[in-house]
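Below is one structure, written out as structure tokens, with a few remarks after it.
Note on naming: letters A, B, ... go to the chains in the order of the sequence lines (proteins, then strands), and numbering restarts at 1 for each one.
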Amino acid sequence: MQVLDFSKNYFELFDLEPGFVVDKTRLHNNQQMLQSACHPDRYVNASDQDKRLSLQQASLINEAYQTLSSPVKRARYLLELNGLELNDETETTSDMTFLMEQLELREQLDDCPNQPDPLASCEQIEGKLKFRAQQLADEFVENFEAGKFELARMISRKMQFIHRIQEQLHELQFKLEDELA
Amino acid sequence: MSLLQIAEPGQSTAPHQHRLSAGIDLGTTNSLVATVRSGEAKALADSQGQVLLPSIVHFGAAQTLVGIAAQAKQSIDPLNTLSSIKRLMGRGVEDIKQLGDVLPYDFSNDNSESKVPRIKTAGGEVSAVEVSAEILKSLARRAEDSLGGDLSGVVITVPAYFDDAQRQATRDAATLAGLNVFRLLNEPTAAAVAYGLDQQNDGLIAVYDLGGGTFDISILRLNKGVFEVLATGGDSSLGGDDMDHAIAEWILSQADFKQMDASLSRQLMTAARRAKEYLTENDTAPIEIQYGDLNWQGNLSRAQFDELVQALVKKTISACRRAIRDAGVDKTEIVEVVMVGGSTRVPLVNELVGEFFGKKPMSDLDPDQVVAIGAAIQADILAGNKPDATMLLLDVLPLSLGIETMGGLSEKIISRNTAIPVARAQEFTTFKDGQTSMAIHVVQGERELVSDCRSLARFELRGFPPMTAGSARIRVTYQVDADGLMSVIAEEKTSGVTADIIVKPSYGLTDGEIETMLRASMEHARDDIAARMQKEQQVEARRVVEAIDSALASDGKLLLTATELEAIKKARDGLESQIEIASTDELKQAIKLVEKTSETYVAKRMNASVKQVLEGRQIDEVYIK
């Protein structure tokens, strides 16, 4: 039994306004509603064909949900919907100020374990990164809504950089907490 | 024989009929089965009133014993009595070397063909899958005796941290035991279901599951009957067994045993387990070992025991910390901590878990039974007995899936804690002119180097059309289903050719091996017969098509009118198109149709040949094949 229309985009799938700002509660609720109808657990006794279809639909819902839940992925998905080709491998940023900022953040991160209170230093950087992520998100919205897709793409690239440092920070925090325990 | 009247499980049952189902907890130390009766989920006891079935199988020359009967053989016949076999599920020959002192069995050295370790016993060589199948059979029989009918299907629980190979091995064991598996369910998720936490409060919960040989931690969000796993972590070879081992080592360091053998080792482990259990309620455990003319007596205090297992418990706390981070939540948001598994009875475990989460852990339900009960509730719903149930379990992939790239590095395709089912596609191209095949090595784990990850399988993609280097576009889709099991689909996009995939599981059984085991099992004889009958009918159909073709080529136009010729061709084409897809019976019908349509033709050929013979030709020259 097919529930989903595979030609719909992720926003349409969850009945959301397409845009960077999403109603998270609505996204979460609609995701669970769709999974309730499509999940393989609902098709345990169905034909092989229906089982396969259920698997495909549930996989699509998960993929769509994951994309729209993450600001970085959401931004890039929006650009794709607007016809921009994104290629992680070849894309770089040539914004020197941003590159310097990157370098500085990484140095600070590497230095955290040597600080008198490593976890506090981590938290400080965490706050900084959060602020930067929000700034970039705002910039993205501004440019995207004005139809300046090329600029928006460059910002999405920066969002990805910040996100990667955030991940590294979390890994470091876990390690430090583990050592201290 | 009325082979075709046997209904498939799950089909052709009246809608109002209650379909029998069960939840099975296949544990390292103990296994058990539960079912829902009159709306209540309960663990089922055997005829002796025992709920827990020791996960021990004795393979004697004359018979196979499971459970308590096998346990009785453990000290007298240790090499033919297999326990803690869950630790070998989905594991390779290399892995067992590390487990050598925990599992002192006589492993077969003849592993030239199979990657699966086999243990020599008086009852023949067995793999972990076969041992587990014996346990599953015993539990299924218990459920069927108790419920008075055949099970339509079961839910079998696995540690959340089980990798693909371990899950596949569990599924294989169920296939071998002749069970229809509705779903493999993660143990912590099953426990959350059993507690019915969804009905009381929405919010975040943590399930801490320390069993005999595995440890899991899952962070779940509950929302109106939906159990959404946010993150899971653990160690699939860490559990109560290791605590026993630590105590046994301590005894060895205290006592002066001159020699060591399987029987003494078994006795030490048993004494260690007793001491551990005793220390749950008492401050000091007396230990006595009598072996031959050796006699050792000693006392193990709670404080000494705590020290022995401290590192192990801390390891589990570290996994909790990571899971909370991965879930992206704050420890203070967790409203309930649920304790599962027999090893959570150890006071130090309770103490450290409570300390870490900052709240008293919940253990209202029997930690040994809670997983099976949750599985039974899920099985009852999946069997279709509760059409109005809104319960939904959304789980995650415990370990990242990646593929090997240049330089032996793992490139992550699907990262850990991604909601399942999930599918990810990747595109490759050829690097040589005319290349028609490609090899892909899939691994599971978080480490950078492939050699530090777990090898799952090597796929060889074959049969895509030869093109110039770089122009082929091979799309490989990795699909993880709701059981957490992976499959791979590959397609060459410019030509639309689906590549043949040859899977070489790194540790699991190949389809061929499973087939061989199945053949050995009488219970599955009927499936084999059905498959063979279909094969035979396909061979027959191909033979008929060939015979018609060669006949038509020699004298079709000569002997037949245009209408007759067309009718025969139509029947022939109809038969050919059905060879691969039709059932045995449909094929039989199609063959009959061809034979009937060509009746007159055959008669005409007979006449023609008779005529030729009369004209002095040799009979073997005109014989109708």
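- Heavy-atom distances place the side chain of B:Arg325, and not its backbone, under 4.5 Å from chain A.
- Both the backbone and the side chain of B:Thr418 come within contact range of chain A, each with at least one heavy atom under 4.5 Å from a heavy atom of that chain.
- No close placement of the A:Phe20 and A:Phe144 rings is indicated, their centers lying 6.0 Å or farther apart.
- Of the two parts of A:Asn62, only the side chain, counted from C-beta on, holds a non-hydrogen atom closer than 4.5 Å to a non-hydrogen atom of chain B.
- Among A:Lys8, A:Gln31, A:His28, A:Met33, the one residue that satisfies the side-chain contact (heavy atoms from CB on, under 4.5 Å) test with A:Phe14 is A:Gln31.
- No side-chain N or O of A:Asn82 forms a donor-acceptor pair with one of A:Arg153 less than 3.5 Å apart.
- With a threshold of 4.5 angstrom between heavy atoms, A:Gln66 approaches chain B through side-chain atoms but not through N, CA, C or O.
- The choice from A:Asp178, A:Asp41, A:Val44 that makes the most heavy-atom pairs within less than 4.5 Å of chain B is A:Asp41.
- Here the two rings, on B:Phe357 and B:Tyr208, have centers that are 6.0 Å apart or farther.
- Only one option out of B:Ile381, B:Leu185, B:Ile377 pairs with B:Val155 in a side-chain contact (heavy atoms from CB on, under 4.5 Å); it is B:Leu185.
- Annotation for B:Leu392 and A:His39: closest pair CD1-CB, 3.8 Å, computed over non-hydrogen atoms.
- Ion pairing between a basic and an acidic side chain is recognised when a charged N comes within 4.0 Å of a carboxylate O; A:Arg132 and A:Glu101 show such pairing.
- Only the side chain of B:Arg183 comes within less than 4.5 Å of a heavy atom in chain A; its backbone stays farther off.
- Chain B forms more heavy-atom pairs under 4.5 Å with one residue of A:Glu177, A:Gln35, A:Gln56 than with any other, namely A:Glu177.
- Ranked by non-hydrogen atom pairs under 4.5 Å with chain A, the options B:Ala383, B:Ala389, B:Gly153, B:Ala419 are led by B:Ala419.
- With a 4.5 angstrom heavy-atom cutoff, B:Ile420 touches chain A only via backbone atoms.
- For chain B, the nearby parts of A:His170 are the backbone and the side chain; heavy atoms of each come within less than 4.5 Å.
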